[in-house]
Structures are given as C-alpha cells and as structure tokens.
Amino acid sequence: MNLISKRIRGMQDILPGESEKWEYIENVLKEKAKLFGFKIIRTPVLEHTNLFERSSGETSDIVEKEMYTFLDKGSRSVSLRPEGTAGVLRAVLENGLQGGNLPLKLMYISSCYRYEKPQSGRLREFFQFGLEVFGGKSALADAEIICVARSIFDDLGIKNLELEINAVGCKECKGVYNKAIRNYFTAYEEELCGVCRDRLNRNPMRIFDCKNEKCKSISKGAPVVIEYLCKDCATHLENLKEYLEVFNIKHKVNPYIVRGLDYYNKTVFEFIINNSQSPLTICGGGRYDNLSKELGGSDMCCVGFGIGMERLLMIMQDQNLSFGSKDDIYVYVVSLGEAYKNKSIEISQRLRNIGIIAQQDIVGRNLKSQVKYADKSGCNYCIFLGSQEMENNVVKVKDMASGSEFTLGLGDDFEKYFVGLKNTKL
RNA sequence: GUGGAUAUAGCUCAGUUGGUUAGAGCGCCAGAUUGUGGCUCUGGAGGCCGUCGGUUCGAAUCCGAUUAUCCACCCCA
C-alpha cells in the first residue's frame, strides 16, 4: 500500500487487542488511587516552554535536546509536555488550589513527548500515570503514595519488584554534600570518563548514574548523601522508614539513587524490577518542596511519582500476567433476509437497553456469513430471526460455546433471560 | 548522536549468475451447503518489490542517495 501519509516516527497506534490491556491497567491505576482519595486532573499537552525550562532545569537533557518546542502562530514558544508533574503543578497554582482544601491529592494519565531516537519501550509519544500530593509536609505523605504504588503493582501481579529509597537532602545539606563530593571526585578527575568530567562541574551527584566501570568503581568510595543530611532531613528519612514499616512495605535504602530531575529534595524512590538482565525502573518519584516557589507560586510541599505506562505493559507481558477477563455478554442478531431487518434492529436495541453488547448485520450478508462474522468477533450468543420466528413472535437463541439452541419468546421473558445471564456471569 | 541489520500482498516470508505476465502459507471475500460458526474442498480480490536517482537491450535482483523499522551503544524516565 502506498499511503500518502504514514505514522509519524516514534508514534504508536494502539489497536483493539492491545487497547483492552491499556484499559485494564488504567482502571486498576485509577481505582486504586481513588481509594486513597486521589482525584483526576487533566491539563493541556501544550505549555509555554519556560515552564519546563524552569521545572526540569535549563541545562537538563530534556530541555536542551529532547523537547518538542516550536513557535505558535503568535510567535510564542510552546512545548509539548515532556513529563507530567510541571503542568499539574502549574494548573494547581494558576487555579488557586493551593489556597483550598489541603492536602490536595491528584492523579493523571498524560501523553508526554520527547524527541529521542525511538527504541523498544521508548517512543516519542509515551504515557505516564502520576500521583501528586500537594501540601503534605510529613513523611506520611511520602509513605502513602509509595503505598499506592505498591498496592497497584500487587494488584497487577507484578513480581520481583523492589522498592529503593534514598534522601537527597534539602538546599543546605545538598550544598554541603555537593562540596564534599566535588572534592572527592576532583581527586580522580583524570580517570573519569568525559561525560563525568562534565558532570563534575555541573551536577556531581549524577556521576553515580554513570555505567562506565571505571567511574562506577570510583563512585563506590565516594561519600554518600545520607551521611550529610541535616537534622530535619535525617528525621524525615527515619519517619518515612517507620511509616513504611507500618504500611508493611519492604524497602531498602540505596544511597546511590539520584534521579534525573534535580528539583527533588529529601525523599526520592524507585520501584525496580529485578528479573531481567539489567534492573529496570518502572516507577520513580520523590519530594519536590521547592518547585512551587521556583515557578512563582507560594511555598508548598509536594511529593509525587510517575509510572511509565509502556514499560509497565512490557513488564506485565514479560511476566505473562493477566489483563483481566471480559465478563461482557455479546449477542449477534442474525436476520434471514431484508424483510426481517427492522425487527432485528428492534431486538438489538432491546438488548443494548439492558446493557448487553448487540450487533446485527449491516452489510447485507447471508446467514452463514453472518454467523461466521459473529463467531469471529467473539459473540457469546446468536439470535436467529426468520419467517418461522416472526410468525410465532419468538427468536431462536444459540449458545455459541456449546452449540445448543432453544426458542425464546419476545415478550418480557426476553429481557429477563438475558438479564439473568448477566447476573450469573458477574 | 554512533554502529549493525532489514525493507516484496493485510500478516509471515520465498524469489536462482540480472531475463517473459511477481510466488507460497496464513488472513480476507465468496461458492460448495437458499435456516447456522469452528473442519474440508473450490474460486476470487489484493503488489509502482519503501522512495528517488544511476548502470543495463532489460532491475525486486547490481550501485548511490534518502526515508522508515529493529537491535546494540550513548542518554534518560
């Protein structure tokens, strides 16, 4: 086929067969978050570019080379959101929700965009599920969202999942620590890889992320943030650990977790899958108490996380997990000629009115082809409507699984029968 | 951004040293069976051989460029 236009690079069509899996996961995510009092927020895909420059940091890779940024017709620089948090926080501040009933708990499923080289599990358009709690200073807020994540993964049946937490300190302890760590790495400057030498000046903590063996071994001897926490930050971490105990959530402290976005303070955490060749992070988040002020808002404590939907789906498929079972009933109304079309429309409508999926022939096929189509599209029951049935005001019902047939009157019994089927299936 | 592989029907792929009108399996549509799905048989539709250019009497096949996809690296949620 020679279409005049094809899918844009890095974009994905989610077709029936696949879309049901998304629907299932999204429902689990939303329902679970609702149980903790989270409400859905929807924000625009497009934001002014400076929002992301401020939130992610102007020198971050995301802003420097991965954003879809362009001028709109009024010559304003706008960008497709590369992540979910900034837009949500902007919306909260702009609509004055920070002055309302706090803590405010919000969730979202957003499409996000990054101009990267596409690879399996990393497309240019991707979906992120996120939770944010605004106005929660206590470590209980941190613990609670971690608990939501943990419960979601448990509900989905994800295996080999570990929670790692860390503290990256506040402005003060971060400053002291950055000095210490810069001193340490400067001693090894010659041995570091090129990228890390650059990191040494810009953001030395990121050296921990390097996969270069040499850099890794040097990192091992480096001082860790936890040893440099101020009293407040240290207490916060201790409280978090205690709350996690109460929630009965296993965790370990990994002092080397440094998340890509540098707006985090105090708590950072990741859920990591350990069954594959290399560990894979499927959920990352933390506290970002300073971002609200950074964006020009009032002082407000924030904590949140994001889950990459594509990655979550991939892991579930790798682990052969179930995406729920469909308990819908689907009935196909087979009519044996044009003369019975109107009646078949009426019957289909009666079924839909009681919440049963109903289809009928709309292309004028013969009986055999109608049944074939019905079967292939997964129908549970076929209803036959022909001259014999019309005369007696009945239909013939066929159970497609067993192949058995019986006659059903078109009075009230008709609805009663299918409602009954529905109830036994639930 | 770097390297490697690939591109032929809706899908998975054959296609000889360059040689008539481009092939199979699956899927799709229909018939065999004028009131019944899964099995079988028969027929049919569906192709600018990714795109552009070059070599040649002749290109799906050789050469160049370009685009896209996959894998690894780089980077990163």
Side-chain angles (χ1 to χ4, degrees), chain A residues 1-12 15 17 56-57 60-67 81-85 110 112-124 126-130 193-196 198-199 206 209-212 257-262 264 268-273 277-286 304-312 314 332-337 340 361 363-390 395-405 407:
Chain A
M1 235 188 328
N2 208 355
L3 295 179
I4 62 155
S5 185
K6 292 189 177 173
R7 188 167 10 104
I8 287 178
R9 183 165 205 204
M11 307 286 153
Q12 189 188 18
L15 307 177
S56 301
S60 69
D61 279 350
I62 295 177
V63 170
E64 276 186 343
K65 44 188 189 188
E66 293 177 0
M67 277 214 295
R81 62 180 163 222
E83 52 93 27
T85 302
S110 301
C112 300
Y113 302 83
R114 288 190 197 180
Y115 197 88
E116 294 180 272
K117 192 157 180 176
Q119 258 180 66
S120 101
R122 277 178 61 187
L123 294 162
R124 288 180 175 176
F126 60 98
F127 290 83
Q128 194 178 35
F129 169 81
C193 71
V195 183
C196 285
D198 188 42
R199 284 170 172 154
R206 296 286 299 284
D209 273 345
C210 191
K211 283 178 189 123
N212 182 307
I257 296 182
V258 190
R259 301 201 42 79
L261 304 166
D262 41 66
Y264 287 111
V268 293
F269 65 90
E270 293 183 350
F271 280 92
I272 297 166
I273 297 281
Q277 314 77 355
S278 58
L280 198 63
T281 305
I282 62 170
C283 169
F305 70 73
I307 294 177
M309 295 288 290
E310 285 80 3
R311 201 166 271 193
L312 178 58
M314 259 174 60
Y332 192 98
V333 183
V334 179
S335 57
L336 277 74
Y340 315 115
D361 174 58
V363 293
R365 278 203 262 239
N366 64 21
L367 175 138
K368 187 189 168 86
S369 300
Q370 289 184 48
V371 178
K372 203 168 173 183
Y373 176 86
D375 182 41
K376 276 195 278 202
S377 57
C379 95
N380 308 107
Y381 297 90
C382 269
I383 283 179
F384 292 91
L385 184 63
S387 56
Q388 295 162 29
E389 288 80 12
M390 285 290 274
V395 288
K396 210 177 264 175
V397 178
K398 177 170 185 171
D399 180 334
M400 294 300 274
S402 67
S404 61
E405 287 182 27
T407 303

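Worth saying up front: this structure is predicted, and the values here are computed from it rather than measured. In the text below, chain A, chain B and the rest are named by the order of the sequence lines, each starting its count at 1. Reckoned from all heavy atoms, side chains included, excluding hydrogens, waters and symmetry mates.
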Lys/Arg cation over aromatic A/Y113: A/R124, 6.0 Å, 45° cone: no

d(CD, A/Q388; P, B/rU34) in whole Å: 15 Å

Given B/rG35, B/rC76, B/rG38, the nucleotide with the shortest approach to the side chain of A/R114: B/rC76

Residues forming a side chain to side chain contact (heavy atoms under 4.5 Å, CB included) with A/D375, sequence neighbours excluded: A/M400

Value in whole Å for how far the P atom of B/rG37 lies from CG of A/N380: 18 Å

Distance, rounded to the nearest Å, where A/M67 contributes CE and B/rC76 contributes C1': 15 Å

Under 3.5 Å donor-acceptor pair, A/Q370 side-chain atoms to B/rU36 base atoms: no

Pairs under 3.5 angstrom, nitrogen or oxygen only, protein versus nucleotides 29-33 of chain B, please.
from   : atom 1 : to     : atom 2 : distance (Å)
B/rC29 : OP1    : A/R365 : NH1    : 3.4
B/rG31 : OP1    : A/N366 : ND2    : 3.3
B/rG31 : OP2    : A/N366 : ND2    : 3.1

5'-to-3' dot-bracket of RNA chain B (Watson-Crick, G-U; under 3.5 angstrom; crossing pairs as [ ]; | other strand): (((((((..((((.....[...)))).(((((.......))))).....(((((..]....))))))))))))....

Residue A/L367, side-chain atoms from C-beta onward, closest of B/rG37, B/rC75, B/rG35: B/rG35

Just the atom pairs and distances: protein N or O near nucleotides 66-69 of chain B's N or O, under 3.5 Å.
from   : atom 1 : to   : atom 2 : distance (Å)
B/rU69 : OP2    : A/R9 : NE     : 2.5
B/rU69 : OP2    : A/R9 : NH2    : 3.4

What pairs of nitrogen or oxygen atoms, one from the protein and one from nucleotides 2-9 of chain B, lie under 3.5 Å apart?
from  : atom 1 : to     : atom 2 : distance (Å)
B/rU2 : O4     : A/K117 : NZ     : 2.9

Atom pair distance, as rounded to whole Å: CD in A/E116 and P in B/rC76: 10 Å

Set of residues satisfying salt bridge (Lys or Arg N to Asp or Glu O under 4.0 Å) with respect to A/R122, sequence neighbours excluded: A/E116

Comparing A/G306 and A/F384 on RNA chain B - which has the more 5′ nearest nucleotide: A/F384

Whole-Å gap separating C1' (B/rG35) and NZ (A/K396): 7 Å

Nucleotide nearest A/S387 when distance is taken to its side chain, options B/rA77, B/rG37, B/rG35: B/rG35

Sugar-phosphate, base or nothing in reach of A/E389, heavy atoms under 4.0 Å: base

A/L336 side chain, from C-beta outward: closest of B/rA77, B/rC76, B/rG35: B/rG35

Nearest-neighbour nucleotide for the A/R122 side chain, B/rC74, B/rG35, B/rA77 considered: B/rC74

